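Owing to the predicted nature of the structure, the values given are computational and were not obtained by experimental measurement. Remember, it's 1-based here, ligands and their atoms both numbered in the order they're listed.
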Amino acid sequence: MEEIELNIYKTFPSDFLWGGAIAANQTEGAHLEDGKGLSIVDLMPNGLLAGIKEDSTDLNLYHEGIGLYHHYKEDVAMFAEMGFKVFRTSIAWSRIFSNGDEMSPNEKGLEFYDNFFDELLKHGIEPVVTLSHFETPWHLVKEYGGWKNRKMIDFYIRYCETVFNRYKGKVKYWMGFNEINNIYTSPTAAGGILVEEDENCLQAIYQASHNCFVASALATKLCHEIIPGSKMGAMLALSAVYPNTCHPDDVFDTYEVRRRSLFFGDVLLRGAYPTYIHRIWDENDVHVEMEDTDLDLIRTYPSDYLGFSYYRSTTHKAGTRILGHTGGIAGTPNPYLDATPWGWQIDSKGLRYVCNELYDRYQKPLFIVENGLGTNDELKNGEINDDYRIDYVRSHIEEMKEAVIDGVELMGYTYWGPIDIVSAGTGELKKRYGFIYVDRNNDGTGTFKRMKKKSFDWYKKVIETNGEDLK
Ligand code: BG6
């Protein structure tokens, strides 16, 4: 009889990828330096939930971010001090192709990431790179309609080919589109499209998504060809959604809400459109244009792993907004959970639930690439005693460990915002996630000075002990 090899863990595997995660647009600043062009968030002064404000004179904190473009050496040294094994960031597409449709890349932009990745590698930290994290070049959205237009596939693939070739000796872990399932709530940020008032919104969303699926398949193919042994991941926002009550209507509606998000995983990881999507398309007059070879490409080149973000859980009541809800803004309060000042309900058990849900569904390695607590921090006598952040991370790591023991294949954990960054949702700096404080404020004041919070040493110890010492 053939012996079956089972991966049974009682704790985190020894090669578990501990680290932190950020995005270029929320940190780098230098938004027009060294040939960088405008990306969509450069026109979103109030964050992605408020959308594009082309002529706004409001302060846009993304423009300077936390100055990582100039401070990266200092920052990487601090990440190394915490013992990071990996560091997730994105490449700002508009640094490499300022408008997005040029034939040749911007050498200065390429050099920046060469230096940044070298700095990480010098400290023994492996880069994990997102190719598109709410950063579509603005020109592509304005001139071509963004991902609604099939031409985007060519622009994206030219960009991918450029960076795969350039960083092939440096980067092994990649992700295509950050939280592509947030296209329902944030079509411009997550899907790189503008939806006109008189347009069938779902038609736009599903056409753009299809174009992204084809692009993802082609990028996966290229990535494997150019960088042998590389891994291309899908990346989805998958905070938990629970039914508001045990009423069967709430339960089924919640199932449907969840499925709208999992749809993206179904296509990207299983390599096929699920049957349930046809009813949704029929009932909403959606007609997705596809070319003959598209479905074959999607089937042949699925993503290697599923990266996802998990911050909280929400509850869903039948009859409230279905499309657009990915565990995000809407929802009814859960009386069993505390919430942050931003109303995000803290639910560590939900992380174990989601890990199991996703592994049961896909049987592909999972990578928690975002999880963290964004809240106010108070500087007292030159210190920040963020015990609340330690509590949040501790409880989530405890549940993550349970998930590993449950049999979930978990590759790693990158804490979101190990250094304070500009919020994606609201474009502010007051919502701080970091183990490292950055002196920059909502009104744009501040010295950009970095400082350790209490959680810094705590997370260091967690990594040192491979998640065993959580005290
Ligand atoms: C995720 C995004 O949706 O949530 C990040 O991938 C973002 O870019 C994170 O920063 C937290 O959201 P916020 O609004 O608190 O920055």
Closest to atom 14 (O) of ligand 1 among protein heavy atoms sits Gly425 N, 2.8 Å

Would you say Tyr336 has more than 12 foreign heavy atoms packed within less than 6.0 Å of its OH?
no

With nothing but distance in play, are any N or O atoms of Ile421 less than 3.5 Å from an N or O of ligand 1?
no

Which one of Trp342, Phe134, Trp344 has a non-hydrogen atom at the shortest distance from atom 12 (O) of ligand 1?
Trp344

Return yes when atom OH of Tyr144 has more than 12 non-hydrogen atoms of other residues, nucleotides or ligands closer than 6.0 Å, and no otherwise.
yes

Considering only heavy atoms, which of Glu179, Arg432, Gln26, Glu370 lies nearest to atom 8 (O) of ligand 1?
Gln26

Do the charged groups of Glu256 and Arg260 touch, with an N to O distance under 4.0 Å?
yes

Does the N or O separation between Ser309 and ligand 1 drop below 3.5 Å for any pair?
no

Can you tell me how the ring of Tyr413 sits relative to the ring of Tyr415, calling it parallel under 30°, perpendicular over 60° and tilted otherwise?
tilted

CG/Asp338: more than 12 non-hydrogen atoms of other groups inside 6.0 Å:
no

Nearest protein heavy-atom contact for atom 15 (O) of ligand 1: which residue, which atom, what distance?
Tyr433 OH, 2.5 Å

Measure up the Tyr433 and Tyr311 rings against each other and bin them: parallel (under 30°), tilted (30 to 60°), perpendicular (over 60°).
perpendicular

Considering non-hydrogen atoms of the protein only, which is the closest contact for atom 9 (C) of ligand 1, and what is the distance?
Tyr311 OH, 3.3 Å

Could you tell me the residue and atom name of the protein heavy atom closest to atom 7 (C) of ligand 1, and the distance to it rounded to 0.1 Å?
Ala424 CB, 3.6 Å

Tell me whether the centres of the aromatic rings in Tyr69 and Phe116 are closer together than 6.0 Å.
no

Short list, please: which atoms of ligand 1 are under 4.0 Å from a heavy atom of Lys431?
13 (P), 14 (O), 15 (O)

Please classify the Tyr310 to ligand 1 contact at 4.0 Å (heavy-atom distances, strictly less than): side chain, backbone, both or neither.
neither

